[in-house]
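Working notes, structure below.
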Number of protein chains: 2
Amino acid sequence: MTKKSADSANGSPPAARQVPMRDFSRSLPMSLLRAREAVMRQFRPSLREHGLTEQQWRILRALAAIEAVEVTELARTAFLLGPSLSRILRDLEARNLIERKTAKADQRRSMVSISKEGLKLMASVAPTSEAIYAEITRRFGARKLAELQEMLGELERSLAGLGGADDTLAEG
Amino acid sequence: MTKKSADSANGSPPAARQVPMRDFSRSLPMSLLRAREAVMRQFRPSLREHGLTEQQWRILRALAAIEAVEVTELARTAFLLGPSLSRILRDLEARNLIERKTAKADQRRSMVSISKEGLKLMASVAPTSEAIYAEITRRFGARKLAELQEMLGELERSLAGLGGADDTLAEG
DNA sequence: GCGAGATACTTAACATGTTAAGTGAATGCG
DNA sequence: CGCATTCACTTAACATGTTAAGTATCTCGC
């Protein structure tokens, strides 16, 4: 029994099961993915009605809280990668939902802000969005929701600095 | 104070802040997204070294546990949408990591299984993958990890049936 | 004050997410 | 049987995720 499988000795497909691993459907990434999808499934239809994607909505929300931000800072806030943000900003600007102008001091930087139209759109989406969030909170329980978010934060912090890729990590 | 903002009355960009909402960075979707990203960041480099994406790896893992599955069932297991799965299966088949053959009884269905090469690839990835998972577990704590996953499952269940889109929901 | 390196984006290229439409095969009903 | 429906996928189209290159600008040492 070194490496041979217990196949039925005919031309059937490989028996699989030869690579022992955790039950994949119970892995942490899958749990997080499914939970997030369950949540976002609630919001997408409403956003879609207003012609917004999840990410566009994230950007508008991030912008609504401030006067103006640099693109890099916005990427950090809205948790988007530079290239994604770059594309989305191009589109949002074309739709006049945001405004952009280069910083005086540093020509490389461009300051982004939400436009009046953008604010109007937000105002029309926010009520539904808040109602959905409230219903989710009601169903899951406000206290448990807070606990969950606390744990998610802890998870994040406990993995911070566990180099994913090009992080500047001393490995010695 | 009906609708006018407290702008400084010059040509500066809109003051924003006119749409009151929760602090967006603390929303549940963002928490879930960030937590998941923190986790996946650990796995991606290793997968990448083996020429696999996260989703391709999910599919191989799902296949490794069984003889063969229909595409629809696989989509459910690997938590992928049909179109994504369709594309990925095409590529995995071209790389000879999976095999596909139409079901005898129903010509519409196609049964997918992992190939010997696929199993070999899995065997070469699994150790690193398991080690990373173990390290994550160690950092966050096995007990807390179990708690977290329990909560995520509860969240999912509490939102099940809260119609996202085309669910068959009676609204009256 | 200039040239190497760092910064702040943007483009490009490829893979997936998401929704809609298309295709071929099974089902059910008159 | 005939045909409209349903089903199991696949294609298409557009938006984002992800990594690598490219571009313009800035900073700093010399």
Side-chain angles (χ1 to χ4, degrees), chain A residues 29 33-34 36-37 40-49 51-59 68-76 78-95 100-112 164-168, chain B residues 29 33-34 36-49 51-59 68-76 78-95 100-112 164-168:
Chain A
L33 180 56
R34 279 202 294 250
R36 184 174 146 80
E37 178 55 27
M40 285 317 299
R41 188 193 309 290
Q42 314 304 319
F43 290 99
R44 261 190 285 268
S46 161
L47 290 178
R48 186 170 171 65
E49 278 178 17
L52 287 175
T53 66
E54 175 192 338
Q55 292 83 355
Q56 292 168 346
W57 178 236
R58 283 221 298 275
I59 291 173
V69 261
E70 305 169 18
V71 172
T72 300
E73 167 71 3
L74 181 55
R76 223 168 39 77
F79 208 68
L80 291 169
L81 293 178
S84 295
L85 182 54
S86 206
R87 278 177 307 213
I88 301 175
L89 288 181
R90 168 166 50 70
D91 299 348
L92 290 180
E93 189 174 23
R95 289 165 65 182
R100 204 160 18 171
K101 53 183 175 185
T102 24
K104 304 155 200 138
D106 190 336
Q107 297 293 106
R108 292 171 305 180
R109 292 173 154 79
S110 100
M111 305 302 288
V112 185
D166 55 339
D167 286 3
T168 48
Chain B
L33 180 57
R34 279 202 294 249
R36 183 174 146 79
E37 178 55 27
V39 173
M40 285 316 301
R41 187 190 311 288
Q42 313 304 320
F43 290 100
R44 260 189 286 268
S46 161
L47 290 178
R48 187 170 171 65
E49 277 178 18
L52 287 176
T53 65
E54 176 192 337
Q55 292 82 355
Q56 292 168 346
W57 178 236
R58 284 221 299 275
I59 291 174
V69 261
E70 305 169 19
V71 173
T72 301
E73 168 70 5
L74 180 56
R76 222 167 41 75
F79 208 68
L80 291 170
L81 293 179
S84 296
L85 182 54
S86 206
R87 276 177 309 213
I88 300 175
L89 287 182
R90 168 167 51 69
D91 299 347
L92 291 180
E93 189 174 23
R95 288 166 65 183
R100 204 160 17 170
K101 54 183 173 184
T102 22
K104 303 155 201 143
D106 190 337
Q107 299 292 106
R108 293 171 304 181
R109 293 174 155 79
S110 99
M111 305 303 289
V112 184
D166 54 339
D167 286 1
T168 48

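Here A:Ser86 lies in heavy-atom contact (under 4.0 Å) with a base. Within the nucleic acid shown, B:Arg90 has no heavy atom closer than 4.0 Å to any nucleic acid atom. Among the heavy atoms of the strands lying under 4.0 Å from B:Thr53 are primed sugar atoms or P, OP1, OP2 only; no base atom is included. B:Leu85 comes within contact range of no nucleotide atom at all, as no heavy-atom separation falls under 4.0 Å.
A straight line from CZ of B:Arg48 to C1' of D:dT18 spans 8 Å, rounded to a whole angstrom. Distance A:Leu89 CG to D:dT16 P: 10 Å, rounded to the nearest Å. Counting to the nearest Å, the C1' atom of D:dT16 and the CZ atom of A:Phe79 are 14 Å from each other. In this entry the distance linking CD1 of B:Ile88 with P of D:dC9 reads 15 Å, nearest Å. Straight-line distance from the CG atom of A:Asp91 to the C1' atom of D:dC14: 10 Å, rounded to whole Å. When the P atom of D:dC9 is taken as reference, atom CG of B:Leu74 falls 10 Å away, rounded to whole Å. To the nearest angstrom, P of C:dT16 lies 10 Å from CG of B:Leu52. Atom P of nucleotide C:dC9 and atom CG of A:Leu81 are separated by 15 Å, given to the nearest angstrom.
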_Run A:Arg87 and A:Gln55 through side-chain contact (heavy atoms from CB on, under 4.5 Å) and show every step you take._
CA-CA 11 Å; A:Arg87 278 177 307 213; A:Gln55 292 83 355; over 6 Å; no

*Check against salt bridge (Lys or Arg N to Asp or Glu O under 4.0 Å), A:Arg90 and A:Glu93*: CA-CA 5 Å; A:Arg90 168 166 50 70; A:Glu93 189 174 23; over 6 Å; no

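OP1 or OP2 of C:dG17 has at least one side-chain nitrogen or oxygen of B:Ser84 nearer than 4.0 Å. Residue B:Arg44 places at least one side-chain N or O closer than 4.0 Å to OP1 or OP2 of D:dT18. For the pair B:Gln55 and D:dG17, the criterion of a side-chain N or O lying under 4.0 Å from OP1 or OP2 is not met. Distances shown here put every side-chain N or O of A:Gln107 at or beyond 4.0 Å from the OP1 or OP2 atom of C:dA8. For B:Arg108, no side-chain nitrogen or oxygen approaches OP1 or OP2 of D:dC9 to under 4.0 Å.
For A:Glu37, whose side chain is taken as the heavy atoms from C-beta onward, the closest listed nucleotide among C:dT18, C:dT16, D:dC9 is C:dT18. Comparing atom distances between the A:Arg109 side chain and each of D:dA20, D:dG17, C:dA8 picks out C:dA8 as nearest. Here the nucleotide nearest the side chain of B:Pro83, chosen from C:dA8, D:dT11, D:dC9, is D:dT11.
Side-chain atoms of A:Glu70 and A:Met111, non-hydrogen and from C-beta on, do get closer than 4.5 Å to each other.
Between A:Arg34 and A:Glu37, none of the side-chain N atoms (NZ, or NE/NH1/NH2) sits under 4.0 Å from a carboxylate O, so this pair counts as no salt bridge.
Nearer to the 5' terminus of DNA chain D, by closest-nucleotide assignment, is the contact made by B:Arg100 (compared with the other of B:Arg100 and B:Arg87).
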